[in-house]
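Just so it is clear, the values below take in all heavy atoms, side chains as well, and ignore hydrogens, waters and symmetry mates. The model shown is predicted, which means the values in this text are computed figures rather than measured ones. Labels below follow one simple rule: chain letters A, B, ... track the order of the sequence lines, proteins then strands, and each chain is numbered from 1.
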Protein chains: 2
Amino acid sequence: MEHEPGQPPVHDLPATQGGAAAALRRKPQVSMADVAKLAGVSSQTVSRVSNGSPDVIESTRRQVIAAMNELGYRPNSAARALKRGSFRTIGVITFSLSSLGNMRTLEAIALNAARQDFAITLIPVTAPTQAGIQGAFSRMGELAVDAVIAIMEVHLLDAATVTLPPGVKVVVVDSDAGEQYSVVDTDQADGARKAVSHLLKLGHETVWHVAGPEESFAAERRAAAWRSTLTAAGKPVPPVLRGDWSADSGYAAGLRLADETGCTAVFAANDHMALGLLRAFREKGKSVPEDISLVGFDDVPEASSYAPPLTTVHQNFADVGNRCVDNVLQQIRTNRTEPGVTLVPTELVIRASTAAPKAK
Amino acid sequence: MEHEPGQPPVHDLPATQGGAAAALRRKPQVSMADVAKLAGVSSQTVSRVSNGSPDVIESTRRQVIAAMNELGYRPNSAARALKRGSFRTIGVITFSLSSLGNMRTLEAIALNAARQDFAITLIPVTAPTQAGIQGAFSRMGELAVDAVIAIMEVHLLDAATVTLPPGVKVVVVDSDAGEQYSVVDTDQADGARKAVSHLLKLGHETVWHVAGPEESFAAERRAAAWRSTLTAAGKPVPPVLRGDWSADSGYAAGLRLADETGCTAVFAANDHMALGLLRAFREKGKSVPEDISLVGFDDVPEASSYAPPLTTVHQNFADVGNRCVDNVLQQIRTNRTEPGVTLVPTELVIRASTAAPKAK
DNA sequence: TTTGTTAGTGTTTGCGCAAACATGATTGGT
DNA sequence: ACCAATCATGTTTGCGCAAACACTAACAAA
C-alpha cells in the first residue's frame, strides 16, 4: 500500500500464548522500545521491521521478529495514527441498516476493506438532515478516518441535494449527491426498464406501479424509469400507487389494485411490497399470473418461494459494496477525489409471477 | 462519563463554515495550541474546556469556545487515545452480516453506542475458527478499542467452545461461550417452548421440527427445547428435518413432510424456512392450517403477508443490541468483566397458520 | 590512496493531548 | 493584617511511533 515492494509488512505476527489478550489488556503495553531492548537494536529498526521496510538485513529482521513474538508486541495504532495522520480506517455513514440492500452493501464493504487491511467505523445518522450529516462527518474527522462511504438512500428533509464537506475522500451510495462526488449505485433505471419491458413484451396493455416512499432516491428513479418506458412505448401511464417498502403497504396497494378493472400487470418497487400485493390478490380472488402479472425488485432470497415464485429484478449489492471500497481506496492511494458515477447493472430474473394476459 | 458532573463536555461544537470539512482535510490540523494562542490561554485550559472540566471560569470558557469555533477546532482522537489509552470505541466482531437478526442487532448496537458517544469498529471474521477469532481480537487490540461485542452465531470448526482472550471486556451474543463470559441472547429455548406448546394446546398429537443448520447455536437450542417440550408432554418425538435457514431448504423439507402421514403440525426454526414449507405444502395440495399447522421463528416483517399469515415467535433484536452496549459500557465504567447470561424474552405472535387438527 | 556511494542502523524530534505538578490570585477566618 | 485554604490557570512531561537526518562500515570508482 504505502510502502515499497520490499518485505511484506508484519501485520500477522504469529500469535503467542494470549498475545491477543495482551493486546487488549491496557496496562502492560509492549512498546517498540521494549522490543528494541530485547532484540538489541534501536526502536527505529523495530519500526522498520514492523512496517516492512526493505533495508533491514535478514538476520536483524529475524531477531526483531523473535523479540516481537516473545513479548507479544502489537503496534499501537493510536500512536501510529497520531504520527501518520491516518488510521487505515474507512468511515461508513448510514441512515438505516435494516434494509436488505444496505446490510448487504455494508457486509461487502466490511469484507473488502478487511481484505485490504482497513477497518470500518460505523456511524449511524439518526436524522436525515444536513445537520445530521455534518455531525457524522465531523465525528469522522475526529476519528481520523481516511475516507468516508456514505450510504444515503433517502432525501434530506431540509435540503434539495446532498452537500458534503468539500475536499473529503468520499463515495456516496444510492443518492443524487451530484456530479462533484463519486457515486456508486445500482442501475435503478435500467432495472425498472427491464421489468416494464418484460411485461410489455408479454402483451400487457400497460403496467401499473407500486412505488416506494417519496423520500427514497431509488424509489424515485424506478418510478421515473417505469414512466418513461411506458411513454416511450406509447402506452398509457396509470396513476402511481405509493407504498413504504413494507409488505403491509404492498397489501394495501394490492387491495386497491385488485378492484381496478383492466389492471393486468404490476411492477412493484421491491419484493416485500410484491409479497403484500400477492396476498391482496389472493384474498381478492385474483390469481397471479393468470389474472395479473407481477414483477418485483431486489430479488430477496425468498422471492423464489413466494406464491407464485416472483419474477423480479436482481440487485447485486455485494458488487456495489466492493466498488465503493475499491473507489475509496483508489482515492486514498492517489490522494485525490474522483467524481463520477458508477452504475452496477441489474438482471431480470423470470420466475412464475408473469405471463401473457388472458385473451379478452 | 469519565469526568465529574461539571460543565458538559463540548462534543458538539456548533459547526462553523465547512468545519466538518476542515476536520477531514488532513493538512491544516487545528491543534489545541492554535486555539490556545487565539484565546490567549494555555493549551491546558483548552484541554480542560474541551473535556468539560468544572474548574474553568465562565468567561475563560466562553473565550476558548469562541476561539474553537473560529478555527473550526476538533479534538484529534488519535492523540487523545494515545494519551488516555482509550478511543471511546467498541469493536464488533461478526461472522456474517447477512442474517436479519445480526443486522438488526448491529443496528441497535450502533445506535445505542452513538447515543453514548462511542463509535463502532466493525471487523468481520471470515473463517469461524479459533485462529480467525484470535486474529480479529488481535486487530481490535491494535485499534485500541475499549471493549468488544462478539456476535458469534455459529460453532467454531476447530474448537468445542469459544475461547476468548482472558481479561478482555467482551460481550458475546448468541453463543455458548460459557459462564466466564458475559453473554446476551434471545431466549431461544423459551421461544421454541412457546411455539411447541401452542401447537400442542391446539390438540396436535405431536409437532415436527425443521431445524436450522447444525453449526448454529440458535438452531441447536431451538431443537433441544422442541424435543424437551415434546418429551415433557409425553408426546412422541419425530425425526428432525434439517435446513440451512433458507426458504429453499424449507421447501425441500416441506416436500418430504407433505408425504408424511400423520404430520399435522410443524415448527420451523425460522420464518424463511417456514415460507419454503408453505410453498411445498401448497404445491402438494396440503392446506395450512387446515391440514397442517405451521409456526415459524423470528417474526420477519413480511411474515404477516405470507400465505397464510404466519404464526411465529417474535425476537427482539433491538433489545439484544441495546443490552450488549449497556453491558459493555458498564464493564468499561467499572473496569471489570462481568460474567453472566442475559436472556431477552420472545413473544408468540399468533396469526393464521395454526389451528386445531381436523377431527379424524 | 582518496573520494564517493550505498546499505544498514542509530538518534533526535515532535505529532496532539492531558496527567501531574507548580504557580499566582483571591477569599475567609481569626 | 495575617495565614491558610481555595480556585483558576500555566508549565512540564511523556504516551508510542516514524520521519528526518546522522552515522558507520564496506566497497567501488577514480
Open item on the list: Output the rounded distance in Å from NZ (B/Lys83) to P (C/dG14).
Closed with: 18 Å
Open item on the list: Please report the distance, rounded to the nearest Å, between CZ in B/Arg74 and P in C/dC15.
Closed with: 22 Å
TODO: Would you kindly give the CE-to-P distance between B/Met32 and D/dT12, to the nearest whole Å?
DONE: 15 Å
TODO: For the residue pair B/Ile149 and B/Val173, establish whether any side-chain heavy-atom pair is separated by less than 4.5 Å.
DONE: yes
TODO: Quantify the bending of the helix from C/dT1-D/dA30 to C/dT30-D/dA1 as the angle between its end axes, each fitted on five pairs, to 10°.
DONE: 50°
TODO: Take atom CG of B/Leu82 and atom C1' of C/dC15, then tell me their distance rounded to the nearest Å.
DONE: 9 Å
Task: Pair B/Gln331-B/Asn327, side-chain donor/acceptor within less than 3.5 Å - done: yes
Task: No-hydrogen, no-angle side-chain donor-acceptor test under 3.5 Å, A/Ser53 and A/Asp55 - done: yes
Listing time: all N or O pairs from protein to nucleotides 7-10 of chain D that are below 3.5 Å?
unit_1	atom_1	unit_2	atom_2	d
D/dT9	OP1	B/Thr60	OG1	2.2
D/dT9	OP2	B/Ile57	N	2.8
D/dT9	OP2	B/Thr60	OG1	3.4
D/dG10	OP2	B/Ser42	N	2.8
D/dG10	OP2	B/Ser42	OG	3.0
D/dG10	OP2	B/Thr45	OG1	2.7
D/dG10	N7	B/Arg48	NH2	2.9

Task: Rounded distance in Å - CE (A/Met68) to P (D/dG16) - done: 15 Å
Task: Counterpart residues, side chain to side chain contact (heavy atoms under 4.5 Å, CB included), relative to B/Ala78 (two or more places apart) - done: A/Ala81, A/Leu82, A/Phe87, B/Asn76
Open item on the list: Using whole Å, what does the distance between atom C1' of nucleotide C/dG14 and atom CZ of A/Arg80 come to?
Closed with: 18 Å
Open item on the list: Would you say that A/Asp146 contacts A/Phe118 through its side chain, given a criterion of any heavy-atom pair below 4.5 Å between the two side chains?
Closed with: yes
Task: Separation of atom CG in A/Asn76 from atom P in C/dC15, rounded to whole Å - done: 18 Å
Task: Residue list, side chain to side chain contact (heavy atoms under 4.5 Å, CB included) with A/Arg115, at least two apart or on another chain - done: A/Leu111, A/Asn112
Task: With A/Met103 via side chain to side chain contact (heavy atoms under 4.5 Å, CB included) - residues at least two apart - done: A/Leu100, B/Met103
Task: Test side-chain hydrogen bond (donor to acceptor under 3.5 Å, both in side chains) applied to A/Thr126 - qualifying residues, sequence neighbours left out - done: none
